[in-house]
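Note sheet for the following structure.
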Amino acid sequence: MTETALLFRDDPYLSTAEVAVVGLTDEGGILLDRTIFYATGGGQPGDKDKLERADGTLIEIDTAIYGASKSEIVHVPVAGSVLPEIGEKLVAHVDWPTRHRYMRIHTALHLLTVAVPFPVSGGRIGADEGHLDFDIDGPVPAKDEIDARLAAMIAADHPVTTEWITDDELLANPGLVKTMSVKPPMGSGRVRLVRIGDIDLQPCGGTHVQATAEIGPVTVAKIENKGKQNRRIRIRFA
């Protein structure tokens, strides 16, 4: 097992970086010493784009996934790609326009948990829209009401920052966890929290913008009935 340094965790705005090949999986995946590619997880798709070799040839990357553990990221090339050599130095390029849209939607979904303060049972992030499933015991907020709450939080331009607490600290503060179906990224001894101004704080390993105004206008696209109390709220860029 190799441990991949997660450059996107410290700086999600990195779109290119020099990397080195440290291994190849039996399935043809590429292991790097460090990466700007977010691996599929937490409802957010893995990044794609390319790895550039010294001679200028490109290895197209279809997605990134976790390997044997959460500390190892496998870069999955498109079928038929010529694989690099172990030890080879490459330049990684991430599909930045798509990644930035993921970051904006992901941050907007955090705001949605503030606008709709009920437990979350699932969700997904896309480049154009995202959704969360809420376990709503009582009246469902109206679309216009949710839109207004989101617009106000985005316009307030709250800073988005990260911090860390220990696994034990999180266990002692279960109220920080809003998701019912997805467990926080625990196991390494510490947990990453995403803080949005003074309005939200929750565990998350994903990528986010650095202030809410960067999200831009969003709107509730649809509120779907998925069960007795389960409501799926879809948001999209307005």
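For Tyr13, the ring-ring contact (aromatic ring centres under 6.0 Å, His included) criterion is met by Trp96, not counting sequence neighbours. With sequence neighbours excluded, the residues forming a side chain to side chain contact (heavy atoms under 4.5 Å, CB included) with Val160 are Thr107, Val194, Ile196, His208, Thr212, listed by chain and number.
The backbone N or O of Val220 sits less than 3.5 Å from a side-chain atom of Asp147, completing a donor-acceptor pair. Side-chain atoms of Asp157 come within 3.5 Å of backbone N or O of Ala213 as a donor-acceptor pair. Remark: side-chain polar atoms of Glu145 are not paired, donor with acceptor, to backbone N or O of Pro141 under 3.5 angstrom. A donor-acceptor distance shorter than 3.5 angstrom exists from the side chain of Arg192 to the backbone of Cys204, with no hydrogens or angles considered. Arg99 places a side-chain N or O within 3.5 Å of a backbone atom of Pro12 that can act as its donor or acceptor partner. Between the side chain of Thr113 and the backbone N or O of Phe118, no donor-acceptor pair lies under 3.5 Å.
Summarising the local packing, CD of Glu60 is surrounded by more than 12 heavy atoms from other residues, nucleotides or ligands at distances under 6.0 Å. Within 6.0 Å of atom CZ in Arg124, 12 or fewer heavy atoms from other residues, nucleotides or ligands are found, so the atom counts as exposed in its surroundings. Within a 6.0 Å sphere centred on CG of Asp137, heavy atoms belonging to other residues, nucleotides or ligands number 12 at most. Other residues, nucleotides and ligands place more than 12 heavy atoms under 6.0 Å from the CD atom of Glu163.
Note that CD1 of Ile146 and OG1 of Thr219 are 9.5 Å apart. Values are rounded to the nearest 0.5 Å. Note that CG of Leu109 is 9.0 Å distant from CD1 of Ile215, once rounded to the nearest 0.5 Å. Expressed to the nearest 0.5 Å, how far CG of Asp11 lies from CG of Leu6 amounts to 13.0 Å. Separating the CD1 atom in Ile36 from the CG atom in Asp10 is a distance of 13.5 Å, to the nearest 0.5 Å.
Hydrophobic clustering (side-chain heavy atoms under 4.5 Å, transitive across Ile, Leu, Val, Met, Phe, Trp, Tyr) groups Tyr102 together with Leu112. No path of Ile, Leu, Val, Met, Phe, Trp and Tyr side chains, each step under 4.5 Å between heavy atoms, connects Ile61 with Val22, placing them in separate hydrophobic clusters.
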(Q) If you apply the rule side-chain contact (heavy atoms from CB on, under 4.5 Å), what do you find for Leu31 with Val74, and how did you get there? (A) CA-CA 5 Å; Leu31 304 176; Val74 180; 3.6 Å; yes

Q.
Run Lys89 and Val19 through side-chain contact (heavy atoms from CB on, under 4.5 Å) and show every step you take.
A. CA-CA 6 Å; Lys89 300 291 174 57; Val19 299; over 6 Å; no

Q: Decide side-chain contact (heavy atoms from CB on, under 4.5 Å) for Met103 and Thr207; before the verdict, give the C-alpha distance in whole Å, the side-chain angles of both, and the deciding distance to 0.1 Å.
A: CA-CA 5 Å; Met103 289 163 59; Thr207 57; 3.3 Å; yes

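Legend: ring-ring contact (aromatic ring centres under 6.0 Å, His included) pairs involving residues 130-160, not counting sequence neighbours: none detected. Residue pairs meeting the salt bridge (charged side-chain N to carboxylate O under 4.0 Å, His left out) criterion with at least one member in residues 208-217: none, sequence neighbours excluded. Residue pairs meeting the side-chain hydrogen bond (donor to acceptor under 3.5 Å, both in side chains) criterion with at least one partner in residues 30-39, sequence neighbours excluded, are Thr35-His75. Counting only residues at least two apart or in different chains, ring-ring contact (aromatic ring centres under 6.0 Å, His included) contacts with residues 219-238 are absent.
Only one option out of Arg234, Arg101, Lys222 pairs with Glu129 in a side-chain hydrogen bond (donor to acceptor under 3.5 Å, both in side chains); it is Arg234.
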